[in-house]
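Notes follow the structure.
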Amino acid sequence: MPKIEYKSIKFQQKSLELINLVNQVVEEYQAQGYELTLRQAYYQLVARGYIPNNERSYKNIGNLINDGRLAGLIDWHSITDRTRNLRSNSHWDNPADVIASARYSYLLNKWDGQPNYVEVWVEKDALVDIVGQACRPLDTPYFSCRGYTSQSEMWSAAQRFISQDYRDNRVIIHLGDHDPSGIDMTRDIQERLQMFGADVYVKRVALTMNQIGTYNPPPNPAKITDSRASKYIDEYGNESWELDALEPQVITDLITNEVTALRNDEIYRSVCDSEERGKDELKMIERNYDKAVAFLESEE
DNA sequence: TAAATAGTCTCCTTGCGTAG
DNA sequence: CTACGCAAGGAGACTATTTA
């Protein structure tokens, strides 16, 4: 885990304390197998009440984390930039290797034959890793909206749901902040999908007033400059809450419960069984690759 | 004078209010 | 009626100015 000093920086006590808090959050999340983004680290500090929730505060913590890394106080692996990535081709050492990775990625669609089709959508990309770790074992597609979903993705999603029309129900499990815009996004998703002709039920499972009552996350003042604020305040009062304040395990359990409730377990298990058989066959080829090639050569 | 903070840039959106 | 500015939501990096 590299902490490398490229620059000597004499931080003030207050900044050192903040850096320690960042490292603390990073360690907690790494222990659970999650990678943090800058945005997520920021929201954790907000959710724990250490820093205010505004744009200036976010930028300040970004600068501090940057300096902290350059000064060798924060691990370079601890925070990832998910928006900028190198693209390249995949490579293998030999043909047997590609069969090994084929076996690994060989998955049957666990929603084949199911009465329902389900996707999980989350408002902020910062939480997509947590949502992903919940969704992958359930073989359930997941999507991060990044605020209001783009028109192009909304249209694509509508086409996807329309292609699932033969099923009984199509459902989006939606998770977002409890603030004027966050609440409005659930409505927006439902309305635009409807406009594009998709028959989908958008179920907002977080953050709800119920969960706020149960887990008691720290409140933020609702932004009154938000054009949706007055409607929100009429309904919920002048406080808002970040989805990030929920523990990853709480989010994971929530998603797991919501998705499995929409799944027929008998059908699910039978698909899992045939997947296992397929993997066994690939394993056989992988282990006896040379023999298989020799055999096929002798057949020619 | 170095650290902290302010401000600007890239890029995708919705929605409200006002100007034309 | 449409166009536009600016408020909000999302993820980042970079430079300039102020402050201790």
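In the text below, chain A, chain B and the rest are named by the order of the sequence lines, each starting its count at 1. Note that the structure is a prediction, hence the values are computed from the model and not measured.
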Let me have the donor-acceptor pairs involving side chains of residues 123-132 of chain A, under 3.5 Å, with sequence neighbours excluded, atom names and distances please.
from, atom 1, to, atom 2, distance (Å)
E123(A), OE1, D177(A), N, 2.9
K124(A), NZ, D177(A), OD1, 3.0
K124(A), NZ, D177(A), OD2, 2.9
K124(A), NZ, E242(A), OE1, 2.7
K124(A), NZ, D244(A), OD1, 2.7
D125(A), OD1, S144(A), OG, 2.7
D129(A), OD2, E35(A), N, 2.9

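With no hydrogens or angles considered, a side-chain donor-acceptor pair links Q249(A) and D253(A) at under 3.5 Å. Counted by atom type alone, Y29(A) and Q44(A) present one or more donor-acceptor pairs between their side chains at under 3.5 Å. For S15(A) and Q12(A), the side-chain atoms include no donor-acceptor pair closer than 3.5 Å.
Closest to the D188(A) side chain, of the nucleotides dA6(B), dG9(C), dT14(B), is dT14(B).
Distance CG (L193(A)) to P (dT14(B)): 12 Å, rounded to an integer number of Å.
Proximity of a side-chain donor or acceptor of Q114(A) to a complementary backbone N or O of I267(A) within less than 3.5 Å is not detected.
Identified under the salt bridge (Lys or Arg N to Asp or Glu O under 4.0 Å) test for residues 273-282 of chain A, with sequence neighbours left out: K110(A)-E275(A).
One finds a side-chain N or O of S15(A) lying less than 4.0 angstrom from the OP1 or OP2 phosphate oxygen of dA4(B). For the OP1/OP2 pair of dT14(B) and a distance below 4.0 Å, the side-chain nitrogens and oxygens of R192(A) include at least one atom meeting the criterion. Put simply, K124(A) has a side-chain N or O that comes within less than 4.0 Å of OP1 or OP2 on dG10(C).
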Summarise how protein sits on nucleotides 12-20 of chain C as a single string, 5' to 3': B when a protein heavy atom is under 4.0 Å from the base, S for sugar-phosphate-only contact, - for no contact.
-> BBB------
